[in-house]
Structures are given as structure tokens and as C-alpha cells.
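Below is one structure, written out as C-alpha cells; comments come after it.
Given the structure is predicted, the values throughout are model-derived calculations rather than measurements. All chains are named by letter (A, B, ...) in the order of the sequence lines, taking the proteins before the strands, and each is independently numbered beginning at 1.
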Number of protein chains: 2
Amino acid sequence: MRKSTVYDVAKKAGVSTATVSFAFRHPDKVKDKTRKKVLDAAAILDYVPSASARGLARGKTGALGLYSFDMLLERPQGSELEDLNALNEQNDSSFTRPNMFVYPLYVDEIQRGFELECWHRGKTVLLGTANSPKENNSITDIAGSVDGLAVFPNRGTDDLPLPQLCRTVPLVRIGDLDNTLSCASIYCDNTAGIISLIDHLIDIHHITDMSFIGEITTFDMRSRFNAFQQHVTQRGIQVTTALLDNSEATSQEWMVKLCEAIDTNQLPQAIVCANDQTALNVMEILTDAGIRIPEDILITGFDGIMAAEFSRPPITTVRQPMEHMGRLAAKLLDERAGIPWDSPQSYKLPVRMIIGESCGCKTQ
Amino acid sequence: MRKSTVYDVAKKAGVSTATVSFAFRHPDKVKDKTRKKVLDAAAILDYVPSASARGLARGKTGALGLYSFDMLLERPQGSELEDLNALNEQNDSSFTRPNMFVYPLYVDEIQRGFELECWHRGKTVLLGTANSPKENNSITDIAGSVDGLAVFPNRGTDDLPLPQLCRTVPLVRIGDLDNTLSCASIYCDNTAGIISLIDHLIDIHHITDMSFIGEITTFDMRSRFNAFQQHVTQRGIQVTTALLDNSEATSQEWMVKLCEAIDTNQLPQAIVCANDQTALNVMEILTDAGIRIPEDILITGFDGIMAAEFSRPPITTVRQPMEHMGRLAAKLLDERAGIPWDSPQSYKLPVRMIIGESCGCKTQ
DNA sequence: TTGAAAGCGCTAACAA
DNA sequence: TTGTTAGCGCTTTCAA
């Protein structure tokens with residue numbers, strides 16, 4: 001059964017297609033009786049207007065997009081996506097309890113903010129993701145179907161055709177800063193966050209020797225690493241360089257270094273991690289090696305994701321206003337009404353330190 | 001600066017628009033040299049194909065939709081969505097820690113499954129929500145822009161034009177069962193879940209007197225309520241009817257009844273709650289009244305959301321395979337390739353009881 | 001208040 | 001292998 005169109009409705013209602021369109025889009029511009037005829041005909045014919053056609057005609061889609069780069073690859077579930085059929089087996093992973101080490105993470109909280117704001121504004125949300133690093137044309141696909149697009153940075157972001165996109169559609173980078181492109185950047189005050197962490201470790205816990213762990217693959221991570229180096233120097237702190245990893249590598253070299261440091265007893269008094277997920281991993285490795293946190297070593301994270309609060313011990317971290325960031329992205333995009341920015345915009349949002357117990361504090 | 005189109009690219013590359021289209025959609029059908037010309041021209045012109053135009057021409061959009069009904073209204077944040085500007089203030093709620101009583105909930109875990117499967121299949125996800133119960137034409141809007149649509153049931157779902165939609169686009173109802181419409185229904189084995197809960201309370205904790213609390217506004221809730229009534233009768237258990245609320249009301253009448261029962265000391269030995277969120281609320285009210293769980297009364301939930309596991313005490317509940325349900329929805333929709341079902345389909349998924357401590361068990 | 005008609009940008013026969 | 005061309009369904013001037 002063919003889908004019915006304006007033409008079908010128009011014929012059935014005995015009016016023109018223009019009137020059908022008006023009956024839906026500008027109800028007040030149409031005589032009540034006419035409108036009723038149209039609506040009735042539409043109901044009988046199961047008329048569902050084509051958003052594609054409308055988008056084409058209007059030059060807008062009414063949707064805002066959020067693009068995440070190879071999220072799947074970074075999450076354990078990604079690999080289990082095949083077994084959709086054997087749910088009856090008792091040991092199916094679908095029955096395991098929710099695991100907050102996998103969800104919700106940083107991107108999820110931002111996504112949630114984005115969705116809230118879009119719904120608030122009556123925009124629909126389009127979610128896209130590349131399955132493989134090579135598929136960077138998928139971002140162009142989604143860019144072509146929205147009035148504005150928010151993008152998460154990631155390793156591989158450099159390959160994305162962001163320079164072209166931002167000339168065609170309003171583009172927001174989240175957790176990233178770019179002053180060369182005519183797009184908006186929303187990021188948090190990484191420097192202030194790292195400083196407050198370091199100061200806390202020094203001033204409250206009298207640490208004289210610390211290091212930094214993390215993959216320096218994005219703007220955020222780089223900012224934190226730089227802030228660490230700088231502030232630690234400024235405070236005259238010794239740095240256990242054995243651990244420092246300022247490589248751009250995607251592999252987790254720091255794990256090797258950390259294990260070596262454990263084996264050779266070269267651990268610093270404290271480790272500042274690039275983010276909560278890294279901190280979680282570091283803590284697991286240390287714990288497995290019989291090293292206690294915070295008795296034997298202090299750990300800090302960054303981001304303030306849910307898992308940081310519920311890990312044992314809870315992680316002392318810096319919380320980004322993630323929901324807010326997502327909402328701001330949607331707001332900025334919506335306000336552009338489809339018109340790309342003509343100069344770089346940036347929004348640096350404040351952060352707040354959250355004291356857990358991994359730094360040696362007692363939080364009741 | 002006008003967005004460039006196939007025509008612009010075609011002219012610049014010195015080919016026809018068809019060739020431009022082919023160069024992108026069927027790269028192998030175009031001579032290498034020609035394709036290169038096209039791609040170069042496209043890059044120079046910042047060409048971003050219009051998904052609307054493609055959707056129109058192809059009759060498909062490549063997106064799958066997920067529609068939630070008035071989610072915002074049910075969540076505390078919904079009301080705070082205005083203050084997007086004053087983030088510098090120290091007490092901004094954006095800095096509060098993630099609150100799992102608000103997110104992620106039942107729908108979020110399903111949504112996540114839906115997203116995972118869509119990404120896996122290379123489909124984009126369209127998220128839509130009605131801001132107000134009256135805005136039920138928004139679902140038609142999103143139905144018009146996807147190749148398949150999943151819908152959450154809710155109070156108010158009855159007002160939705162589901163009968164018309166399911167004749168135009170493949171439709172999946174999640175957490176709902178409908179044998180009258182030509183759509184698919186994905187729901188869990190509510191009856192088995194309730195039975196295992198009741199049996200546990202009776203057989204392990206020797207409960208002889210229990211009741212049920214919840215708003216009976218959706219298929220799931222109704223199923224659980226019915227299963228409760230039936231199984232409790234079958235096991236010859238006394239029911240504290242003072243608490244039973246089988247009304248269809250949206251207001252939370254059960255709160256009143258619960259408070260009365262507390263005041264008059266009419267509480268049963270155990271309360272089976274319609275879902276985890278209700279259980280959380282019930283526990284809060286009881287705790288505030290100085291009643292201890294599980295010492296003074298046993299509580300069970302349903303769903304297995306994250307907050308149930310981390311509440312104190314952890315809630316004994318029944319876990320639905322939520323991620324799986326979302327994934328199944330996406331899979332079914334994708335497989336229809338835009339063609340509506342011509343008869344009702346239903347998928348009842350198994351559940352599993354998860355022992356917490358709210359039932360009186362000790363889980364270390 | 002309604003109708004006629006010209007696009008919107010892309011795709012896919014069909015031809016060449 | 002590439003070009004021509006007829007739509008896809010809706011919106012929106014402009015006229016009536």
C-alpha cells in the first residue's frame with residue numbers, strides 16, 4: 001500500500017495541495033471548515049507527511065545532530081553486539097547488572113544534556129557514529145541532515161572534514177578548542193581543575209612527589225598534562241618521570257610504565273590521572289598488585305563521572321558540568337538557525353573539585 | 001554563501017549530476033579519474049549532500065526513530081531547564097554529582113541498547129519527545145523522517161495516532177503488548193518476574209502478609225499487578241488491601257494510602273512495588289517515618305535499574321534485559337527496511353530475579 | 001481564503 | 001562509463 005501524500009489528501013478533501021500544507025503548518029490561515037475536511041481526509045488516508053520532502057522544500061530539517069567518533073570501539077559491549085538471538089540462556093550478559101564502568105560515561109552525560117535541551121526546544125536529535133575510523137564520511141551524511149552539529153573530539157578527529165563542514169552547517173566541538181575554524185568550542189577549565197587537584201595534594205596531604213598518567217590524545221588531555229607539568233614545576237614538586245607519558249600514542253603505554261614502576265618500587269606518592277576512567281584503570285592495576293589506595297599511594301581523576309563516585313575508594317576528581325555542556329551545545333546550535341558561524345567562538349566552563357577518598361581524605 | 005549542490009559540483013567537475021551522485025553512492029561504477037575529479041570539486045566547494053533530498057528521492061531516510069512520551073515531565077530536571085546562563089555561580093546544579101535516581105533509568109538503558117544496535121548497523125538514530133501531552137503530532141513528524149519507529153508506552157499513549165502510523169511505518173512498542181495493531185511488541189515476562197519475587201518472599205522469608213504498590217497506568221504495571229493478585233491468591237497469602245491501588249489514576253494515590261497505613265500501623269510484612277522507582281520512593285517514605293528496611297518491612301522492586309543496586313539497602317528486584325530490548329527493537333525495525341508489519345508481532349523476553357537486601361537477604 | 005505552479009537537491013531509470 | 005531527465009513530496013510565492 002503506497003504511502004499517501006499531499007496529493008492524495010488534497011484530492012480526497014477536494015482542495016489543493018497548498019491548502020493541505022497550510023492546514024497543517026498554518027492552521028489559522030485556513031477556514032475552519034476547510035481545515036476539518038483536510039484533517040479528516042488525512043486521517044482516513046493515514047497521511048504521514050514526509051520530513052524529507054519538507055526538509056527539502058524548507059531548507060531546514062528541524063533536527064540537531066550529535067556525532068561521536070568510534071564510541072563502540074572503546075566500549076566492551078562493542079564486541080558483543082552479535083548475539084542478539086540467544087537471550088534464553090541463563091548466562092546471557094543482558095542479565096548482568098548495569099555496569100557504570102561502561103555507562104554512563106563522560107560522553108553519555110553530555111549527550112543527555114544535549115537531548116534535554118533539544119527536547120526543551122522542540123528539536124529532534126540525530127545521533128551518529130562512525131563504526132570505523134575510515135568511515136569519516138558518515139559525519140558528512142549526518143551533517144547533511146541537521147540544522148546544526150555537535151562533535152566530540154577524539155583521536156582521529158583530525159581526519160574528519162570539519163573545516164568543510166563548519167562552512168556549511170553550524171558546528172560545535174565539545175571538549176575541544178579550535179581557534180582556526182569558524183565553529184564554536186565548548187570545553188572546561190582543565191587548567192584550573194588540575195591546579196586545584198595538585199594544590200590539594202600538596203597543601204592537604206603534603207605530597208612532595210607525584211606523577212601524571214594518561215593518553216595525551218585530545219585537547220582536554222593535553223591541557224591537563226600541560227597544566228600538570230607547569231603547576232608542579234611552579235610548586236617545586238618532584239616528578240616521577242618514569243611514569244610520565246606525553247606521547248600521542250593510542251596504545252596504553254602508561255600501563256607498561258606503571259607495571260614497571262610497581263615492579264621496581266618506583267611509585268610516586270601520588271598519581272594525577274588524565275581522567276576518571278584512567279584513574280579507575282590505574283586503581284585496578286595497583287590494587288591487583290597489592291598496593292592500597294590511599295594508604296600506599298594517592299590517586300586523582302578528572303571529569304566526575306558516576307563510576308568515580310561509586311568506586312572503592314571514591315575518586316577525588318574534578319567535575320565538569322557535563323549536562324550543562326551538552327545543553328549549551330544544543331542551545332548555541334539552535335540559535336544559529338542553520339547559519340554557520342563566521343568566526344571562532346569559545347566557551348570555557350568552570351569546574352569544581354570533588355573530594356573523594358582516593359586522595360587520602362575521609363568523607364565520612 | 002549558498003550551500004553547494006550536485007549541480008555546482010557537476011559543473012565544476014565538468015560532469016553530469018548523475019555522475020556526481022554515482023561518484024558518492026556507487027564509487028565502483030565510476031571511472032577512477034572521473035571520481036577523483038568529482039571528489040576534488042566537492043572538496044573545494046564544501047559540498048555536503050542534503051539528506052532531505054536524498055531521502056525524498058530514495059524513499060528512505062536511513063534513520064530509525066525512538067519516541068519517548070513526556071519524559072521531561074517525569075524528571076526533576078525538566079523544570080530546571082531555563083537557567084542556561086548562570087553557570088558561574090557556585091551553587092549551580094550542574095556541579096552536583098551525577099544522580100542515578102534521575103539517570104540512567106529504565107528508558108535510558110533501553111535507549112542505549114537501541115543506539116548501540118543502530119550504530120552497529122550503520123543507521124542513524126532519531127530521538128523525539130513530546131513536550132506536552134497535547135503535542136502528539138510530534139510523533140507523526142518523527143515518524144515521517146524515519147524508516148522505522150520505536151515507541152515507549154506511557155499514560156497518554158492512547159492518544160497517540162499509533163493505528164495510523166503502524167500502517168505507514170514499521171512500529172515497535174517497547175514495554176507494551178498490542179495484538180490489535182500490525183506492529184511489533186517487545187515486553188518482558190512480568191508474570192514470571194512477579195511470581196519469583198512472591199515465591200522468594202514466601203519461601204525464603206516466610207511472609208504471610210503482603211501488598212502491592214504502584215500506579216497501574218501501563219501494560220507493564222497492569223501485568224505485574226494482575227500477576228500479583230493471582231499468584232498471591234494461589235499461594236493463599238493475606239493481602240493488606242489498604243495499600244492496594246489498582247486505579248488508573250495518574251496521581252500518586254498510593255502515597256496517601258501508604259502514609260495512612262503507616263499512621264494507623266496497618267503495614268503488611270512486605271510490599272511488592274510495581275517498579276524500582278516506586279520502590280525507591282516507598283523506601284524513602286518508610287525510612288522517613290522511622291521504619292527500617294528490611295528489619296521492619298520487606299520491599300521488592302522491578303526493572304533492575306542502576307539506582308536499585310546502589311540504594312541502601314540494595315533493592316531485591318527483577319531485571320529486565322533492557323539493553324537487549326532496545327537492541328532488538330532496532331534490529332526488528334531495520335530488518336523491515338521501511339515496510340510496516342502486516343500483522344501483530346510480539347516478543348516476550350525472560351527476566352531474572354536479582355537478590356538485594358531489601359527483601360531481608362544478606363548479600364555480603 | 002484558496003489554487004496554480006515553480007522549485008528544493010538528489011536518485012535512478014533509461015539512453016547514449 | 002556517463003548523460004538526460006523525470007520524478008520524490010512538500011512549501012511557498014503569486015494570482016485569483
Exercise. Do any side-chain nitrogens or oxygens of T19(A) fall under 4.0 Å of OP1 or OP2 in dG3(C)?
Worked result: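 Yes, within the criterion.
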Problem set entry | Any S21(A) side-chain N or O less than 4.0 Å from OP1/OP2 of dT11(D) | yes
Exercise. Starting at the 5' end of DNA chain C, which residue's closest nucleotide do you reach first, D32(A) or T17(A)?
Worked result: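 Its nearest nucleotide being more 5', the pick is D32(A).
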May I ask you to say what [X] touches in the nucleic acid, namely base, sugar-phosphate or nothing, with a heavy-atom cut-off under 4.0 Å?
X: T5(A); result: sugar-phosphate
X: F24(B); result: nothing
X: V30(B); result: sugar-phosphate
X: V20(A); result: nothing

Problem set entry | T218(B) side chain to D176(B) backbone, donor-acceptor under 3.5 Å | no
Exercise. If you check every side-chain atom of V15(A), which of dG9(D), dG3(C), dG9(C) has the closest atom?
Worked result: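 Of the candidates, dG3(C) comes closest.
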Exercise. Quick one: which of dA4(C), dC8(C), dT1(D) gets closest to the side chain of K31(B)?
Worked result: dT1(D)
Exercise. Between D8(B) and R2(B), does at least one N-O distance fall below 4.0 Å, as a salt bridge requires?
Worked result: yes
Exercise. Can you say whether the rings of F219(B) and Y187(B) are parallel (under 30°), tilted (30 to 60°) or perpendicular (over 60°)?
Worked result: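 Taking Y187(B) first and then F219(B), their aromatic rings stand perpendicular (interplane angle over 60°).
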Exercise. With under 30° as parallel and over 60° as perpendicular, where do the rings of Y103(A) and Y103(B) fit, or are they tilted in between?
Worked result: perpendicular
What is the distance, to the nearest angstrom, from the [atom1] atom on [X] to the [atom2] atom on [N]?
X: K29(B); N: dT11(C); atom1: NZ; atom2: C1'; answer: 15 Å
X: F22(B); N: dC10(C); atom1: CZ; atom2: C1'; answer: 12 Å
X: R2(B); N: dG9(C); atom1: CZ; atom2: P; answer: 7 Å
X: R25(A); N: dG9(D); atom1: CZ; atom2: P; answer: 16 Å
X: K37(B); N: dG3(D); atom1: NZ; atom2: P; answer: 8 Å
X: D141(A); N: dT11(C); atom1: CG; atom2: C1'; answer: 14 Å
X: R58(B); N: dG9(D); atom1: CZ; atom2: P; answer: 15 Å
X: K60(B); N: dA12(C); atom1: NZ; atom2: C1'; answer: 15 Å

For this session: Give a yes or no on this: more than 12 heavy atoms of other residues, nucleotides or ligands lie within 6.0 Å of atom NZ of K36(B).
Result: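 Open: at most 12 neighbouring heavy atoms sit under 6.0 Å from NZ of K36(B).
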Exercise. DNA chain D: R35(B) or A57(B), which has the more 5' nearest nucleotide?
Worked result: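 The answer here is R35(B).
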Problem set entry | DNA chain D: 5'-proximal contact among T34(B) and Y47(A) (nearest heavy atom) |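 Its nucleotide being nearer the 5' end, the pick is T34(B).
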Exercise. Is a donor-acceptor pair below 3.5 Å formed from side chain Y7(A) to base dC8(D), judging by atom type as modelled?
Worked result: no
